[in-house]
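Just below is one structure, and these are the notes that go with it.
Everything quoted here is computed from the prediction, not taken from an experiment.
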Amino acid sequence: RRFELSASERLRDVVRVPWSPIVSTVHTYDRPVLPARFVGLLGTATQWAFDRGLIGEGRNQVGTVRSAAFADIDRPLDAIADETARDLEEAFPLARGARLLAARVYKERRATLRATPEVQRLRPPARTSVRGLYLAGDWTDTGLPPTIESAVLSGHRAASLIS
């Protein structure tokens, strides 16, 4: 017989599970610096770079992401921005000649639910016992790890339940 938690136990306990931080940056350069709209990086703390496009004359933005960024949580924002700019310069020749105009760093300490076997049983389904209340998010039970794909799937599931 499988041990089942009530909906209230799941919701109570899911907020206590371990979370993983994500650190993102937005760098503004005087020109485009990426070879594609989004690129994965290997061997650097920066894992993803996204061309956010032109935001004005001579101002092109690049967004970056660092998942499971435990080492960055207590680091100064300037140090993260500088390191990310170096990662971009190392990976993309176009970034080496570009002028960095501005950089912002965003820290989300509880960004992603850490997918562990004990956490999986706490993830609630989209349907709740409250009429008209449906749950969506990467933290719900979708059968996928808690990722953006899981969040999208959960949104579609919750929407399909609305009558």
Side-chain angles (χ1 to χ4, degrees), residues 2-29 32-55 59-73 75 77 80-81 83-85 87-88 91-92 95 103-163:
R2 202 171 135 205
F3 175 71
E4 291 290 328
L5 294 174
S6 70
S8 62
E9 288 172 316
R10 283 183 182 198
L11 294 175
R12 180 198 66 220
D13 291 345
V14 79
V15 299
R16 296 183 185 139
V17 301
W19 291 76
S20 193
I22 291 178
V23 172
S24 303
T25 68
V26 176
H27 285 69
T28 304
Y29 290 94
V33 299
L34 297 182
R37 291 279 294 152
F38 63 94
V39 184
L41 288 84
L42 298 174
T44 62
T46 305
Q47 297 157 338
W48 296 98
F50 303 89
D51 185 341
R52 296 181 61 174
L54 194 62
I55 62 162
R59 298 177 64 81
N60 196 83
Q61 284 190 332
V62 173
T64 70
V65 174
R66 295 172 174 215
S67 297
F70 296 100
D72 288 331
I73 285 303
R75 289 181 64 208
L77 301 178
I80 296 167
E83 182 179 56
T84 303
D87 288 348
L88 293 171
F92 308 110
R104 292 187 315 260
V105 176
Y106 302 92
K107 294 180 181 182
E108 181 58 49
R109 293 174 189 277
R110 291 174 48 93
T112 305
L113 185 72
R114 290 188 25 212
T116 63
E118 58 273 6
V119 167
Q120 181 57 36
R121 70 184 183 91
L122 301 175
R123 295 171 73 187
R127 186 180 301 278
T128 71
S129 60
V130 178
R131 186 170 182 251
L133 176 63
Y134 306 97
L135 303 176
D138 65 351
W139 58 278
T140 63
D141 186 8
T142 63
L144 296 174
T147 60
I148 190 69
E149 295 82 5
S150 181
V152 170
L153 179 60
S154 74
H156 285 285
R157 284 185 181 167
S160 74
L161 295 172
I162 297 171
S163 52

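With sequence neighbours excluded, no residue forms a side-chain hydrogen bond (donor to acceptor under 3.5 Å, both in side chains) with Thr44. In terms of the side chain to side chain contact (heavy atoms under 4.5 Å, CB included) criterion, residue partners of Ser67 (sequence neighbours excluded) are, by chain and number, Ile22, Gln47, Val65. Residues meeting the side chain to side chain contact (heavy atoms under 4.5 Å, CB included) test with Pro145, sequence neighbours left out: Thr147. In this view, Asp87 and Arg66 satisfy the salt bridge (Lys or Arg N to Asp or Glu O under 4.0 Å) rule, not counting sequence neighbours. Applying the side chain to side chain contact (heavy atoms under 4.5 Å, CB included) test to Ser154 and every residue at least two apart in sequence or in another chain returns Ala136, Thr140, Thr142. Every residue meeting the side-chain hydrogen bond (donor to acceptor under 3.5 Å, both in side chains) condition with Thr28, not counting sequence neighbours, appears here in chain and number order: Gln61. Taking the side chain to side chain contact (heavy atoms under 4.5 Å, CB included) definition, one finds that Ala71 meets it with nothing, sequence neighbours left out. For the salt bridge (Lys or Arg N to Asp or Glu O under 4.0 Å) test, no residue two or more places apart in sequence or in another chain qualifies with Arg104.
Looking at heavy atoms from C-beta onward, Phe50 lies out of side-chain contact with Arg37 at the 4.5 angstrom threshold. Trp139 has its side chain within reach of Pro124: a pair of non-hydrogen atoms, C-beta onward, lies under 4.5 Å apart. Under the 4.5 Å side-chain criterion, counting only non-hydrogen atoms from C-beta, Asp141 is in contact with Gln120.
Residue Ala126 comes nearest to Leu161 through the heavy atom pair CB-CD1, 3.8 Å, listed as atom of the first residue, atom of the second, then distance. The two residues His27 and Ala81 make their nearest non-hydrogen contact at NE2-O, 3.1 Å. Trp19 and Arg110 get closest at one heavy-atom pair: NE1-NH2, 2.9 Å. Heavy-atom minimum distance, Pro35 versus Phe92: CD-CD2, 3.5 Å. In terms of heavy-atom proximity, Ala111 sits nearest to Asp138 at O-OD2, 4.3 Å. A pairwise comparison of heavy atoms in Leu88 and Ala49 identifies CD2-CB, 3.9 Å as the closest pair.
Separation of atoms NZ (Lys107) and CD1 (Ile80) is listed at 4.5 Å; rounding is to 0.5 Å. In this structure, NE2 in His156 is found 7.5 Å from CG in Leu153, a value given to the nearest 0.5 Å. Considering CZ of Arg109 and CG of Asp72, their distance stands at 11.0 Å, rounded to 0.5 Å. Separating the CG atom in Leu41 from the CH2 atom in Trp48 is a distance of 9.0 Å, to the nearest 0.5 Å.
A donor-acceptor pair shorter than 3.5 Å can be found between the side chains of Thr25 and Thr64.
Few gaps surround CG on Leu133; more than 12 heavy atoms of other groups in view lie less than 6.0 Å from it. For Phe38, the CZ atom counts as loosely surrounded, since its 6.0 Å shell holds 12 or fewer non-hydrogen atoms of other residues, nucleotides or ligands.
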**Request:** Kindly determine whether Val23 and Arg75 satisfy side-chain contact (heavy atoms from CB on, under 4.5 Å), including the steps that lead there.
**Result:** CA-CA 11 Å; Val23 172; Arg75 289 181 64 208; over 6 Å; no
**Message:** Under the criterion side-chain contact (heavy atoms from CB on, under 4.5 Å), I'd like the reasoning laid out for Asn60 against Val33: C-alpha separation, chi angles, the key distance, then a yes or no.
**Reply:** CA-CA 8 Å; Asn60 196 83; Val33 299; 5.7 Å; no
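Just one of Val26, Leu34, Val62 meets the side chain to side chain contact (heavy atoms under 4.5 Å, CB included) condition when paired with Arg52; it is Val26.
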